[in-house]
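Some notes on the structure that comes next.
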Amino acid sequence: MSSSPPRFFRDSSPAGAPGLKRSQFTYRQLSQLASYNASSSPLRVIAHIDLDCFYAQAEMIRLGTPEDQPLAVQQWQGLIAVNYPAREFGIGRHCNVTEAKKLCPKLIHQHVATWREGDVKWAYHDDAAANMATHKVSLDSYRLESRKIMAVIKAELPPQLQRVEKAGIDEVFLDLSAHVHTILLERFPELAKPPPYDDPTEKLPRPSIYALDWQADALVDLDDEHTEIDDPDWDDVAILIGSEIVRDIRRAIRDKLGYTCAAGIANNKMLSKLGSAHKKPNQQTVIRPRAIQHFLSDFKFTKIRNLGGKLGEQISQTFSTEAVKDLLPVSVEQLKLKLGGDTGIWVYNTIRGIDPSEVNARTQIKSMLSAKSFRPSINTFEQATKWLRIFAADIFSRLVEEGVLENKRRPRTINLHHRHGAQTRSRQGPIPQGRQIDEETLFDLAKNLLGQIVLESRVWPCANLSLSVGGFEEGVTGNMGIGAFLLKGDEARALKAGPHTSMADDGNELHPVEKRRRMDNGGIQRFFSKRELSQGANRELGFNDAAIKCNSNGSGGTLGSPVNEMVSGEVEKKESVLSVSEEQANRHEHPFTAFMCSRCNAKFESAEEHQSHQDWHFAKDLHDQERVNSAFVTRNHQANDASSSSRPGSQKTGAAADSKRRGRPKKTERGQSKLTFG
Ligand code: TTP
Ligand code: CA
Ligand code: CA
């Protein structure tokens, strides 16, 4: 600014007493806090809140279970959520029900709710575990609880100053910057004064003694042996105000709904998420900017979001280490040289705790899918129709959540995929506009699509059916604009092209999206395994991508790879959104570290997908068992040779060894700041 005084005058500028040290932050940086200016506000405050053992807590609350009662949520024979009292017995997701009961005979194992073939509403069925073929898991009750929790969180924040991103069924990111800014100005009126010389690049006065006192109060429960508290600046104050807000939110969730949760508060998403996972249950961890390096250097970089996969692997091979602290001395030039320009810079920043990604207030759902793989296969139109009714009800209830009844958003296309042997057929059609979508409409459309497929050729037995809706548009009212008649890009082409049955190199069918992805494999995407790339395409297609992910863990599977033929169990894919769009990959924001299968390390972006993957393992185990049995019998018949190693017994050994390998690694890194609550 031309009118501002020369630099050397600034030390005695009027806002602070002469000789008093200035803040390292400027008036401009403070005001950026109010505008959620992600990349340029070093003062910003981001929180991540994650519910403790979410499904287990939901069941405890529904059933009125005492807090110290060990409880796990069961899906078929496996466990998908385990409460903290049960974890004390060594029970985890790696256990099956029998193993868990041995560890703790008084364990309550509640099966998830299911849709039963032919029913029109999901319910809790006592016999669900024994009837995988005729039941389909419903996560509606957890989604409902999740919505209530979201509502409480939002009610705790001023309506104009909230930015909340739902990052999973039981977790959110909050950008508290603007809210914190308001509180800062209220508590510290000196900050509300105009900058000296009206120059926003002037440094702020240092936080007052009052700020110090306040901070000491807020840090009563701090374990601060690794942090500095004697010389706070505004970033410390901001983050501590953030932690007060989060504590209030957590208390409200506890008081109003009965749930406990963990939280992390930091100046970006990546750190806040590491923070919430740091101390569980029912605790919050504050990562102050000046403690970031200390906090991160103890980590393996493979534990950081997006560094768990191929990229992490490549880095650890290239630099012969997995430790963040060993990578810190590596120059950005060297990282760029070894990993490529963008990636090198991204890694350089990430291990320094720099993450400019924004909290997205609304993560748009692009499509919704409801599916089931059948084992045994189904053989009649009537049977298929019963499942279509369930899919329609399932999708409709999620559409209601998306505001379809209020015409906030509505899908324009409906797709049905049908698998018979190695062949998948699909039909897509428009959803008639201009009148309310209801369950019956979806069902009729789906039945119609099935009718078209059935007419085509031999379609029974059917191994998989999946129904999806897509092409969402915003704010449609009764009077549609011309947009309602126009479909864009792939959607329009898909509709025009009608059914597709193109073949991949490997003789399997290939969807146009998959084709595009196979060609489109440069840049940062090369670090994301084929498995991850094919996941997105499969999700759009409605294939059981759980099978593909797992198969490809070692071998880089693609659509229709042999193991795909063995798929059984259930596919529960909700809210399916393209997984690795180029844009996401380029921004390093693809969400593949959320859920990891402890059996095969496949990664998933949502609990639902992870769950369907567990189904797949279960079904595949059954299948393998049967396959080995029958191979054994066949060989016995044919060659009268029982000495083969492929015996049921050896299979069991494999499974047992496998189950030993399972189990999520628990972090033992030391924390820095911890605020206890409740
Ligand atoms: P998480 O937040 O990963 O785990 P959690 O809430 O059960 O336990 P924690 O206290 O450690 O956070 O997952 C949220 C829910 O998602 C979980 O309660 C059940 C479901 N889920 C699965 O169904 N399968 C899985 O493998 C995982 C990881 C989660
Ligand atoms: Ca959780
Ligand atoms: Ca979670």
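Numbers here simply count residues along the sequence, with the first being 1. One-based numbering, in listed order, for ligands and for the atoms of each.
- The distance criterion of under 3.5 Å between nitrogen or oxygen atoms is met by F54 with respect to ligand 1.
- Side-chain contact between S468 and M368: absent, with no pair of heavy atoms (C-beta onward) separated by less than 4.5 Å.
- In terms of heavy-atom proximity, W387 sits nearest to T134 at CH2-O, 3.6 Å.
- A donor-acceptor pair under 3.5 Å links the side-chain atoms of R250 to the main chain of C261, judged by distance alone.
- When non-hydrogen atoms are compared, ligand 1 lies under 4.0 Å from neither the backbone nor the side chain of Y142.
- Between F54 and E145 the shortest side-chain heavy-atom distance falls below 4.5 Å.
- The closest approach of E171 to the Ca ion (ligand 3), by N/O/S atoms, is made by OE1.
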Checklist line | Derivation of the ring pair (Phe, Tyr, Trp, His ring centres under 6.0 Å) call for H135 and W76 | finding: CA-CA 10 Å; H135 285 247; W76 317 130; 7.1 Å; no

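- Heavy atoms of D50 found under 4.0 angstrom from ligand 1 belong exclusively to the side chain.
- Distances between N or O atoms of D52 and those of ligand 1 include no value under 3.5 Å.
- Counting backbone and side-chain atoms alike, D50 contributes an N/O/S atom closer than 3.0 Å to the Ca ion (ligand 2).
- If you look at K280 next to ligand 1, the close heavy atoms, those under 4.0 Å, all belong to the side chain.
- Checked by distance only, ligand 1 and V82 stay at 3.5 Å or farther apart across all their nitrogen or oxygen atoms.
- Atom NZ of residue K166 and atom CD1 of residue I149 lie 8.5 Å apart, to the nearest 0.5 angstrom.
- Around atom 8 (O) of ligand 1, the closest heavy atom drawn from Q57, R87, Q75, E59 belongs to R87.
- The closest approach of D170 to the Ca ion (ligand 3), by N/O/S atoms, is made by OD1.
- Under 4.0 Å from ligand 1, the heavy atoms of R93 that appear belong solely to its side chain.
- For the pair D255 and R251, the salt-bridge criterion is not met [side-chain N within less than 4.0 Å of a carboxylate O].
- Heavy-atom proximity to A81, at under 4.0 Å, picks out these atoms of ligand 1: 18 (O).
- Around the NZ atom of K121, the shell of radius 6.0 Å holds more than 12 heavy atoms that belong to other residues, nucleotides or ligands.
- Residue C53 places a heavy atom under 4.0 Å from ligand 1.
- The side-chain heavy atoms of T65 and Q110, taken from C-beta on, include no pair separated by under 4.5 Å.
- At a 4.0 Å heavy-atom cut-off, ligand 1 touches D170 through the side chain alone.
- Here D52 fails the criterion, with no N, O or S atom under 3.0 Å of the Ca ion (ligand 2).
- Counted by atom type alone, Y84 and E67 present zero donor-acceptor pairs between their side chains at under 3.5 Å.
- Residue K280: no N/O/S atom is found under 3.0 Å from the Ca ion (ligand 2).
- If you look at H94 next to ligand 1, there are no close heavy atoms at all, none under 4.0 Å.
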